[in-house]
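All ligand and atom numbering here is 1-based and tracks the order in the structure.
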Amino acid sequence: MIDFKALAKEYGTPLYVYDFDYMSAQYTKLKEAFRGRKSIVAYAVKANSNLSVIKHFAKMGSGADCVSIGEVRRAFMAGIPAYKIIFSGVGKSDEEIREAIEKDILYINVESDAELQRVEAIARELDTKARISIRVNPNIDPQTHPYISTGLHDNKFGVDLSTAKRMYIQANNSDNLDPVGIHFHIGSQLTQLQPIREAAEIVADLIRSLEALDIELKFFDVGGGLGIKYDDEVTIEPYDYAQAILGTLTGLDLTILCEPGRFLTANAGYFVTKVLYEKQNGEKKFVVVDGAMNDLLRPSLYGAYHEIEALSDSKEEPREVDIVGPVCESGDFFAKDYALPPLKGGELLVIKSAGAYGFGMGSNYNTRGRSAEVAVENSQERLIRRRENFEDLIALETEFLED
Ligand code: LLP
């Protein structure tokens with residue numbers, strides 16, 4: 001049991017708290033699901049890019065899935081070996097591509113024909129051979145929120161099957177490209193197995209047709225996307241997930257690479273915020289807290305549900321309230337019409353499932369410093385990022401820099 005009151009007292013609020021033991025347990029569950037097959041779990045750093053979080057996974061043997069050279073640098077700093085780092089993303093700059101090649105990471109995940117030409121040209125300049133994988137867009141509806149769906153031709157990600165095939169042929173004939181993998185990622189917070197199975201089948205068929213052309217790949221990268229329970233979702237069991245994927249690979253000897261983010265960190269994270277006061281506009285009741293959309297954007301951006309627990313001794317009946325922050329936007333809320341008992345200023349709310357896409361999607365909007373982050377591991381707590389202060393927020397505003 002995490003003592004949120006004690007942590008809030010020690011580190012202040014708003015505060016992110018991460019249960020590192022829960023992260024380990026999730027990692028192990030997924031790794032074991034692929035037992036008996038060569039596999040790499042490459043943690044999707046974007047879900048929670050705190051260096052201590054990445055280091056925690058590094059110590060367990062994880063790789064890293066990165067979407068910017070900044071994330072690649074974080075992965076290296078946190079101790080992930082180069083041969084377990086991959087770099088995806090629809091818009092990599094020349095500088096990013098160059099650094100990724102120089103750092104000799106496992107592969108660059110190429111997302112367009114134009115990008116393939118850039119990677120080849122830069123590898124030629126560097127007089128080397130760049131390992132690549134191609135992200136295939138299998139045109140499958142993942143049945144998730146449209147903002148986090150990525151495997152349809154309407155989405156900007158990856159390339160269609162015939163383009164992918166052409167690109168593999170070019171890469172295979174190039175002196176500067178080494179096609180080693182194939183990748184798909186159809187969306188995030190997936191709770192249905194069927195779209196994953198269908199996508200894997202389509203991609204496995206492409207691998208077979210490439211083998212017929214003597215193009216032998218080593219890595220079958222199935223992306224991330226495993227959904228978690230925010231509310232009453234029925235989620236996919238890692239074992240069933242692994243079986244569905246492995247079932248499509250009959251006759252193919254490939255290392256499985258998967259890139260989970262949310263599955264590993266979401267339910268390990270809590271956002272702790274303090275009640276400032278309650279107010280009422282006509283019939284409408286509000287609880288105003290010290291955290292805001294700049295700390296945890298998911299409710300504002302996606303209408304996402306996060307369970308909220310009040311740490312209150314109140315014995316009074318719950319009523320429906322909107323839980324809102326201090327930012328000057330009507331969209332600044334954590335929940336609407338949520339049942340909570342009457343609360344006093346100073347009492348705490350714990351917002352759950354906040355360990356993925358929480359802190360990382362935060363901002364300094366309204367000149368608000370971002371929260372501190374605390375890790376709890378083996379019942380011991382430690383600060384892994386201090387709270388931002390006013391000086392941090394203005395430190396880059398050049399006309400006011402001290403000489
Ligand atoms: N691999 C690729 C290529 C991805 O684009 C993503 C997520 C992942 C792996 C990790 O997906 P996960 O296992 O976490 O589902 N901000 C949104 C989620 C955006 C996900 C973007 N891509 C949210 O808060 O729900």
Side-chain angles (χ1 to χ4, degrees), residues 23 26-27 29-30 40-49 53-54 57 62-68 71-72 75 85-92 106-111 133-138 142-152 155-159 181-192 195-196 199 203 219-231 233 235-236 238 241 256-269 271 293 295-306 334 351-363:
M23 291 184 192
Q26 291 293 94
Y27 177 88
K29 254 189 225 165
L30 198 54
I40 298 177
V41 173
Y43 168 54
V45 168
K46 65 175 85 82
N48 187 325
S49 49
V53 171
I54 308 172
F57 289 117
S62 178
D65 166 48
C66 305
V67 286
S68 68
E71 287 191 355
V72 171
I85 296 177
I86 60 173
F87 182 20
S88 312
V90 283
K92 304 177 192 78
L106 182 58
Y107 53 79
I108 296 177
N109 219 337
V110 175
E111 300 221 20
S133 142
I134 292 173
R135 177 165 180 177
V136 176
N137 181 323
Q143 295 159 29
T144 184
H145 191 292
Y147 279 20
I148 50 179
S149 152
T150 47
L152 280 167
N155 305 126
K156 65 178 174 178
F157 299 97
V159 297
I182 193 158
H183 172 264
F184 68 93
H185 169 84
I186 57 172
S188 198
Q189 183 53 14
L190 305 177
T191 52
Q192 305 288 322
I196 302 174
V203 177
F219 298 97
F220 186 63
D221 181 344
V222 300
L226 263 188
I228 58 116
K229 247 180 191 316
Y230 284 95
D231 189 9
E233 295 91 342
T235 53
I236 300 168
Y241 175 69
I256 308 288
L257 201 137
C258 65
E259 309 165 350
R262 191 187 318 262
F263 178 82
L264 297 180
T265 61
N267 277 333
F271 180 63
M293 65 189 288
D295 299 295
L296 176 62
L297 185 62
R298 303 192 73 258
S300 308
L301 188 61
Y302 311 118
Y305 173 87
H306 285 257
F334 292 121
I351 304 184
K352 313 243 175 114
S353 313
Y357 309 108
F359 185 92
M361 289 176 73
S363 74

Ser62: side-chain hydrogen bond (donor to acceptor under 3.5 Å, both in side chains) partners, not counting sequence neighbours: none
Ligand 1 atoms in contact with Arg135 (distance to a heavy atom under 4.0 Å): 3 (C)
Atoms in ligand 1 with a heavy atom of Pro260 nearer than 4.0 Å: 13 (O)
Residue portion contacting ligand 1 (non-hydrogen atoms closer than 4.0 Å) for His185: side chain
Proximal ligand 1 atoms for Gly225, defined as those under 4.0 Å from one of its heavy atoms: 11 (O), 12 (P), 13 (O), 15 (O)
Proximal atoms of ligand 1 relative to Gly224 (non-hydrogen, under 4.0 Å): 1 (N), 9 (C), 13 (O)
Ser353-Asn267 side chain donor-acceptor pair, cut-off 3.5 Å: yes
Close N or O approach (Tyr302, ligand 1; < 3.5 Å): yes
Side chains of Ser133 and Asp221, donor plus acceptor under 3.5 Å: no
Ser88 N/O to ligand 1 N/O under 3.5 Å: no
Lys/Arg-Asp/Glu bridge criterion (N-O < 4.0 Å) met for Asp65, Lys46: yes
Within reach of ligand 1, part of Asp65 (heavy-atom separation under 4.0 Å): side chain
Closest contact, heavy atoms only, Gly224 versus His185: N-ND1, 2.9 Å
Val159 backbone acceptor or donor facing Asn137 side chain under 3.5 Å: no
Geometric N/O contact Gly261 with ligand 1, under 3.5 angstrom: yes
Proximity of Ala44 to ligand 1 by residue part, where a heavy atom lies under 4.0 Å: side chain
Atom indices of ligand 1 within 4.0 angstrom of Glu259 heavy atoms, with elements: 1 (N), 2 (C), 3 (C), 8 (C), 9 (C), 10 (C), 13 (O)
Tyr357, any N or O under 3.5 Å of ligand 1 N or O: yes
Non-neighbouring partners of Glu233 that pass side chain to side chain contact (heavy atoms under 4.5 Å, CB included), sequence neighbours left out: Gln189, Thr191, Lys229, Tyr230, Asp231, Thr235
Closest non-hydrogen atom pair, Met293 against Ser300: CB-OG, 3.5 Å
Ligand-residue contact atoms, ligand 1 with Arg298, heavy atoms, under 4.0 Å: 23 (C), 24 (O), 25 (O)
Proximal ligand 1 atoms for Arg262, defined as those under 4.0 Å from one of its heavy atoms: 12 (P), 13 (O), 14 (O), 18 (C), 23 (C), 25 (O)
Exercise: do His183 and Glu111 side chains pair donor with acceptor under 3.5 Å: no
